[in-house]
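As a basis for the values below, the full set of heavy atoms in this structure was taken, side chains included, without hydrogen atoms, waters or symmetry mates. Within every chain, numbering begins at 1; the chains are lettered A, B, ... in the order of the sequence lines, protein sequences first and strands thereafter.
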Amino acid sequence: MERRYLIPYLLLLPAVLYLLGFIGYPLIQAFYLAFTKDGAFSLDTVRRAVSDYYFWDAIKNTLLFGAVIVPIQLTLAVVLALFMNRAFKGRDLGIYALIIPLTISDVAAGLIWFSMLSPYGFLNKMLMNIGIIDTPIYFFGYQYRMREFLVIVLAEIWRATSIVFVIILAGLQMISREYIEAAEVFGAGYWTRLRHIVLPMLKPSIQSALIIRTLFAMQVFGIVLILAGRDIPVLAAEGFRQMVDIKDPGVASIYALIIAGVSLVLAALYVKFLRAEYLEVGRE
Amino acid sequence: MNDEMKYLLKRIATYAVVFTIFIWVLLPLAIAFLYGFTTAEDYYNPDKIIPTKLTTKYIETILFTLGAWNGIRNSVIVAVMTIAISFLLGIPAGYAMARFIFPGKDTIKLSIVGLRMFPVIVMAIPLVILYINLRLIDTLLGVALAHTAMSLPFVILITSSIFAGVSKELEEAALVFGLTRLGAFRKITLPLTLPGLAAAAMFTFVMSWNEVFMASILTLNNRTLPALILSIVAGAGGGAAPDYYKFAAAFIMTLPAMVFVFFTRKYLVTMWGITLK
């Protein structure tokens with residue numbers, strides 16, 4: 001009998017050990033790289049990171065990017081999912097169209113939007129040929145950082161709203177029809193049902209979508225390098241530069257730890273303010 | 001306004017929205033694909049919105065001169081290794097989560113959910129130092145091991161919910177008829193969960209195929225496709241490649257993903273609990 005109790009642990013052990021090795025070890029090592037010098041505790045690396053020209057800008061841009069993009073994506077995804085959850089002809093095709101960007105990487109999405117918006121890109125040529133503008137609108141370049149930021153936001157909305165949409169749609173489909181029908185019997189209109197039944201029951205999906213999107217927004221990297229280069233410094237790209245160009249693993253670790261810290265705080269806030277159950281609970 | 005009019009207007013509005021979604025998603029893709037084949041002259045000609053002269057010159061240059069072909073090969077190898085390792089470790093763990101009740105289960109599960117949120121960027125930098133010591137730096141296996149750490153929590157959670165979806169009674173019936181637990185798993189549970197597991201494998205593939213930060217940091221000569229494209233397009237000089245090379249690169253990166261989504265679109269959605277016909 002003794003052995004039987006061990007089975008689940010034995011099944012879990014390899015995976016848990018792997019994760020401890022590959023996530024636990026780097027985490028400890030990152031703290032070590034960030035806060036020691038010659039084997040002793042030191043804030044030297046921190047000072048070097050903070051005094052970097054791009055440091056505060058990177059933090060500001062990353063947070064701003066998350067604050068702009070996550071609410072837009074969530075709103076858009078909820079509206080689209082509610083729309084696609086109704087029955088109509090062509091609904092499946094619409095859903096397919098919406099999930100196409102799911103497999104497109106951020107690097108590719110950056111290149112795709114560059115082809116739309118570059119000075120000789122589709123949008124400029126079209127507007128010039130229609131006669132709306134005489135000279136191309138420049139979206140890229142150091143002088144147009146504000147526009148570059150907006151283009152990154154646009155490209156990310158294009159690419160990554162689909163994952164939020166899929167999670168929300170899955171959540172919507174898990175809501176039992178009975179609740180909604182019961183509410184209808186008692187005379188609740190569409191908006192009342194939405195506010196008091198659908199949205200509260202969507203909370204678990206909204207929570208996981210928010211966490212996933214926020215996390216990835218904090219790690220935004222490829223798309224920024226493609227569309228803006230270093231015009232818009234963000235945390236992950238600065239960490240990359242410190243590691244690869246400047247060869248300063250300490251400062252790079254500090255950038256990584258900031259990303260981890262911010263992600264952790266934001267995820268904890270979502271969990272606190274949007275209480276939700278686990279994956280399996282609540283599923284029929 | 002009578003009911004018929006209302007119904008008609010509603011229908012028109014519905015299809016207007018669907019049409020907008022199509023344009024919004026597909027137009028940029030179509031343009032990027034088309035521009036991937038545009039000659040430099042047509043691209044820099046302000047009057048030519050739709051190019052007339054098409055060429056595969058730039059795509060060929062990226063593929064064969066600049067090494068994207070090797071990048072594709074590397075990406076596939078890394079993704080396949082990632083699937084193999086993360087399923088080898090993740091399926092037993094997911095099964096344990098779905099079938100057994102044991103002390104500490106909730107804690108372990110919560111930690112795994114927590115690890116899914118762990119930003120991979122924190123791993124990459126210390127891993128470089130570890131990899132140099134282990135001689136894994138600039139190897140595909142090294143990237144695959146890192147990608148496994150990223151996908152494993154996901155694989156455990158998704159397989160556990162897939163296994164939970166197969167009724168326990170079926171397995172117990174098999175045990176009654178004399179199969180061992182492993183036999184019951186192999187003969188009953190595994191076949192029933194294969195489509196779900198295939199979907200999870202494909203999702204793991206996409207995650208690895210698209211990952212660029214770790215692949216860029218952990219390799220120099222053996223780069224995966226996104227890492228290679230990033231270094232060509234946004235290289236040290238910051239966007240050194242001419243525009244038409246960028247479009248060719250976009251085409252090369254996106255086409256395999258598009259083919260992929262075409263074949264797996266059903267699974268990609270059902271995996272999240274949606275049933276599409």
Side-chain angles (χ1 to χ4, degrees), chain A residues 8 11-12 14-15 18-19 22-23 26-27 29-30 83 88 90 92 94 96-100 102-105 107-108 111-116 118 120 122 125-126 128-129 166-167 169-170 173-174 211 215 219 221-222 225-226 229-230 236 239 243 249 252-253 256 259-260 263 267 279-280, chain B residues 14 17-18 21-22 25 28-29 31-32 35 43-44 46 49 89-90 92-93 95-96 100 102 108 115 117-119 121-123 125-127 149 152 156-157 161 164 206 210 212-213 217 226 229-230 233-234 238-239 243 246-247 249-250 253-254 257 260-261 265 268-269 272-274 276-277:
Chain A
L11 291 173
L12 276 162
Y18 191 93
L19 289 174
F22 267 85
I23 294 179
L27 193 60
Q29 180 75 16
F83 178 81
F88 63 89
D92 287 357
Y96 285 153
L98 278 172
I99 63 167
I100 284 175
L102 205 62
T103 49
I104 295 175
S105 66
V107 174
L111 293 169
I112 287 168
W113 277 91
F114 186 77
S115 72
M116 291 290 280
S118 66
Y120 289 94
F122 179 75
K125 279 203 235 180
M126 198 181 69
M128 281 187 341
N129 277 279
V166 166
I167 295 171
L169 185 62
Q173 301 208 331
M174 270 186 250
I211 291 178
L215 245 76
Q219 301 177 41
F221 170 66
L225 283 199
I226 293 281
R230 209 180 188 178
M243 186 71 201
S253 293
I259 295 172
S263 306
L279 269 172
E280 286 101 44
Chain B
T14 299
V17 173
V18 175
I21 291 171
F22 265 90
V25 174
L29 263 178
I31 297 299
Y35 280 19
Y43 171 65
Y44 287 120
I49 309 173
L89 298 167
Y95 185 79
F100 296 91
F102 49 91
I108 296 177
L115 287 178
M117 302 170 189
F118 187 81
I121 289 174
V122 188
M123 286 164 55
I125 292 150
L127 275 187
L152 186 55
I156 296 174
L157 291 177
S161 66
V206 175
N210 285 338
V212 62
F213 188 89
I217 279 204
I229 298 287
L230 192 72
V233 173
D243 287 359
K246 293 185 183 177
F247 308 145
M253 286 194 77
T254 314
F260 177 85
V261 81
R265 53 186 199 255
L268 278 179
V269 188
W272 297 89
I274 305 173
L276 268 184
K277 276 178 281 313

Review point. Out of A:I211, A:V107, A:I226, which one racks up the most heavy-atom pairs below 4.5 Å with chain B?
Key: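 It is A:V107.
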
**Study point:** Greatest number of heavy atom pairs closer than 4.5 Å to chain B - which of A:G222, A:G90, A:S263, A:A260
**Key:**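 Max contact count across the listed options: A:A260.
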
Review point. Would you find a donor on one side and an acceptor on the other, under 3.5 Å apart, between the side chain of A:K125 and the backbone of B:Y43?
Key: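 Yes, because the side chain of A:K125 sits within donor-acceptor range (under 3.5 Å) of the backbone of B:Y43.
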
Point to revise | Donor-acceptor contact present, side-chain A:N129 to main-chain B:P46, <3.5 Å | key: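 It does hold such a pair.
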
Check your understanding: Is A:Y120 atom OH crowded by more than 12 heavy atoms from other residues, nucleotides or ligands, each under 6.0 Å away?
Key ->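 No.
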
Over all atoms of both residues, closest heavy-atom pair of [X] and [Y]:
X     : Y      : result
B:A96 : A:P8   : CB-O, 3.7 Å
A:Y18 : B:A149 : CE2-N, 3.8 Å
B:P28 : A:M116 : CA-SD, 3.7 Å

Exercise for review: Identify which part of B:I21 has an atom lying under 4.5 Å from any heavy atom of chain A, answering side chain, backbone, both or neither.
Suggested key: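 The side chain, not the backbone.
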
**Study point:** Side chain / backbone / both / neither for B:L152 at chain A, heavy atoms under 4.5 Å
**Key:**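 It is the side chain, since no backbone atom gets that close.
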
Among [options], residue most engaged with chain A (heavy-atom pairs, under 4.5 Å):
options                        : result
B:I108, B:I156, B:I229, B:V17  : B:V17
B:P119, B:A32, B:G90, B:P226   : B:P119
B:T254, B:L127, B:I125, B:V212 : B:I125

With rounding to the nearest 0.5 Å, note down the distance linking [atom1] in [X] to [atom2] in [Y].
X      : Y      : atom1 : atom2 : answer
B:L89  : A:L19  : CG    : CG    : 8.5 Å
A:L27  : B:M123 : CG    : CE    : 11.0 Å
B:M253 : A:I112 : CE    : CD1   : 9.0 Å

**Study point:** Side-chain donor-acceptor pair present, A:S118, B:Y35, cut-off under 3.5 Å
**Key:**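 Side chains of A:S118 and B:Y35: no pair found under 3.5 Å.
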
Do [X] and [Y] have side chains that approach each other closer than 4.5 Å (heavy atoms only, starting at C-beta)?
X      : Y      : answer
A:L111 : B:F247 : no
A:L102 : B:V206 : no
A:F88  : B:V18  : yes
B:F102 : A:L12  : yes
B:D243 : A:F114 : yes
A:I23  : B:V122 : no

Which bit of [X] is near chain B, if near means a heavy-atom gap under 4.5 Å: side chain, backbone, both or neither?
X      : answer
A:L225 : both
A:S253 : both
A:A30  : both

Practice item. Look at the rings of A:F221 and B:F213 and say which category their plane angle falls in: under 30° parallel, 30 to 60° tilted, over 60° perpendicular. Key: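 Ring orientation of A:F221 relative to B:F213: perpendicular.
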
